[in-house]
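A quick write-up on the structure given underneath.
In this chain, residues are counted from 1 in sequence order. A quick note: this is a predicted structure, and the numbers were derived from the prediction, not measured. Atoms considered below: every heavy atom in the structure, side chains included; atoms not considered: hydrogens, waters and symmetry mates.
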Amino acid sequence: VKKLVEIDGVKVLVGGMISGAAMSSGPYVAKQKVLMVSPSATSAEISVQKWTKWAFRTTPSDAFQGKVLAQIVLDKGFTKLATMVQDNPYGVGLEGALVEALKEAGWKGEHVVSIHFDPAKKDYRTELDMIKGSNPDVVLAVTYCEDGIIVFKQALEMGLDKIAWLGCDGNYGPGMFEEPKCAEFMEKAIIAGTRAAGPSGATYNKFAAAYKTAFKEDPSVYCDTTYDAIKLIAKAIEKAGKYDGKAVRDALLKLGQNYDGASGI
């Protein structure tokens, strides 16, 4: 980010892709009066930082995901929750959003185990054994693709597909299904995830057709929100009439309220 700003003269950037990257970059871009628009950083913490007026996003916050997940726990009557989440702002933040939403709803159940794991690990049997030993009736898994494949493959091997699992936006994408055991586990065990509902409508269809023409495949996760981030930035620069972080930010505030994007309004 420093190179982009200080060497290349960037005043507006698309990023960070993950919440940790956005949280790390936020104080710096605000100091430099550079606008940051993320298509995929979902941590609710981003919205309450001192620098948040320089950070926009085209994807829902985890505060929203947490409420949706909590409603599923309540509707299904689950009473013993286990959480296995990445030890970073994304994983811990989404876990907290779910627990807080359940608390606000007056849930009488128990959070039986909370596991914060290193997404760079290649083996999660110890963590999964802790899940098994806590005897939950529902498990929240917050992963990305690479670590998620290992978690779900090993969970299947350990017989944890008999428990209901909740997914998240991070463990979506075609890469998850290339490993047969991971795909089998997800089909058997994951009862719900919180990726925003599949985009539809004329704007998305036009985008998807153009994407397929260009790349010979259908858009994957966050392609639509990335497209919208770039398109909104372009429109904001045009509206501002100059390439300046504050001017573009102010223009974007006005544009973003009724923008009909590939990922929705």
Side-chain angles (χ1 to χ4, degrees), residues 1 12-32 34-73 81-105 111 114-121 139-148 151 165-173 176 192-197 221-226 228-229 232-233 249 252-253 256 261 263-264:
V1 171
V12 188
L13 60 89
V14 176
M17 284 301 292
I18 62 173
S19 297
M23 292 285 282
S24 297
S25 305
Y28 173 77
V29 296
K31 185 177 180 181
Q32 299 292 324
V34 168
L35 175 64
M36 175 171 68
V37 184
S38 175
S40 51
T42 58
S43 173
E45 287 297 307
I46 293 169
S47 296
V48 296
Q49 302 303 311
K50 291 180 179 178
W51 45 262
T52 194
K53 64 183 179 180
W54 292 97
F56 287 59
R57 50 184 160 193
T58 52
T59 190
S61 160
D62 285 338
F64 174 64
Q65 289 197 69
K67 289 178 181 178
V68 172
L69 291 166
Q71 194 58 52
I72 294 166
V73 172
L81 168 70
T83 52
M84 183 172 174
V85 307
Q86 292 182 343
D87 190 12
N88 57 27
Y90 171 54
V92 176
L94 183 48
E95 176 191 50
L98 169 58
V99 172
E100 183 62 28
L102 286 170
K103 182 180 177 181
E104 289 177 0
H111 188 185
S114 170
I115 297 169
H116 298 173
F117 68 87
D118 178 359
K121 282 184 65 177
V139 183
L140 169 67
V142 180
T143 77
Y144 293 140
C145 182
E146 292 79 5
D147 54 308
V151 169
W165 286 62
L166 300 172
C168 62
D169 59 324
N171 48 44
Y172 271 70
M176 298 293 294
T194 46
R195 168 74 177 134
V221 62
Y222 297 127
C223 290
D224 52 345
T225 53
T226 304
D228 284 339
L232 277 163
I233 287 169
R249 183 197 68 185
L252 189 58
L253 271 172
S263 61

Go through Val1 and Val34 one step at a time and tell me if the side chain to side chain contact (heavy atoms under 4.5 Å, CB included) criterion holds.
CA-CA 10 Å; Val1 171; Val34 168; over 6 Å; no

Measuring from atom CG of Leu81 to atom CG of Leu166, what distance do you get when rounded to the nearest 0.5 angstrom?
7.5 Å

Strictly distance-based, threshold 3.5 Å: is any side-chain N or O of Ser40 a donor or acceptor partner for the main-chain N or O of Met17?
yes

Closest approach of Ser38 to Gly16 (non-hydrogen atoms, all atoms of both residues):
OG-O, 2.7 Å

Considering all heavy atoms of both residues, which atom of Arg249 and which atom of Lys53 are nearest to each other, and what is their separation?
CD-O, 3.0 Å

Nearest heavy-atom neighbours spanning Asn171 and Ala141:
ND2-O, 3.2 Å

Sequence neighbours excluded, which residues qualify as side-chain contact (heavy atoms from CB on, under 4.5 Å) partners of Phe64?
Pro60, Val68

Would you say that Glu45 contacts Ser19 through its side chain, given a criterion of any heavy-atom pair below 4.5 Å between the two side chains?
no

Side-chain donor/acceptor of Thr52 to backbone N/O of Val48, under 3.5 Å
no

Quick one: side-chain contact (heavy atoms from CB on, under 4.5 Å) partners of Ala21, sequence neighbours excluded?
Ile18

If you measure from NZ on Lys67 to CG on Leu98, what distance do you get to the nearest 0.5 Å?
13.0 Å

With heavy-atom distances below 4.5 Å as the criterion, would you say the side chains of Val221 and Asp169 are in contact?
no

Contacts of Ser61 meeting side-chain hydrogen bond (donor to acceptor under 3.5 Å, both in side chains) (sequence neighbours excluded), chain-then-number -> none

Counting only N and O atoms by type, is there a donor-acceptor contact under 3.5 Å from the side chain of Thr225 to the main-chain atoms of Tyr222?
yes

Is the backbone N or O of Gln65 less than 3.5 Å from a side-chain atom of Asp62, with the two atoms forming a donor-acceptor pair by type?
no

Could you check Leu35 against Val29 for side chain to side chain contact (heavy atoms under 4.5 Å, CB included), going step by step and ending with a plain yes or no?
CA-CA 7 Å; Leu35 175 64; Val29 296; over 6 Å; no

Main-chain N/O of Ser263 paired with Asp228 side-chain donor or acceptor, under 3.5 Å:
yes

Main-chain N/O of Tyr90 paired with Ser43 side-chain donor or acceptor, under 3.5 Å:
no

d(Phe56 CZ, Leu232 CG) to nearest 0.5 Å is 10.0 Å

Restricting to salt bridge (Lys or Arg N to Asp or Glu O under 4.0 Å), what partner residues turn up for Lys121, sequence neighbours left out?
Glu127

Between Gly20 and Pro89, what is the shortest heavy-atom contact and its length?
CA-CG, 4.0 Å

side-chain contact (heavy atoms from CB on, under 4.5 Å) involving Glu100 - partner list, sequence neighbours excluded
Lys103, Glu104

Residues that Ala22 engages under side-chain contact (heavy atoms from CB on, under 4.5 Å), provided they are two or more places apart
Met36, Ala41, Ile46

Can you name the nearest heavy-atom pair linking Ala192 to Ile72, along with the distance?
CB-CD1, 3.4 Å

Atom pair CD (Glu95) and OG (Ser114), whose distance is rounded to the nearest 0.5 Å:
3.5 Å

OG1/Thr83 to NE2/His116 distance, rounded to the nearest 0.5 angstrom?
6.0 Å

Which heavy-atom pair separates Ala30 from Trp51 by the least distance, and what is that distance?
CB-CB, 3.4 Å

Straight-line distance of Thr58 OG1 to Asp224 CG, nearest 0.5 Å
8.0 Å

Please test Met176 against Tyr144 for side chain to side chain contact (heavy atoms under 4.5 Å, CB included), starting from the C-alpha separation and ending with a verdict.
CA-CA 9 Å; Met176 298 293 294; Tyr144 293 140; over 6 Å; no

Would you check if Val12 and Leu252 make a side-chain contact, meaning some heavy-atom pair closer than 4.5 Å?
no

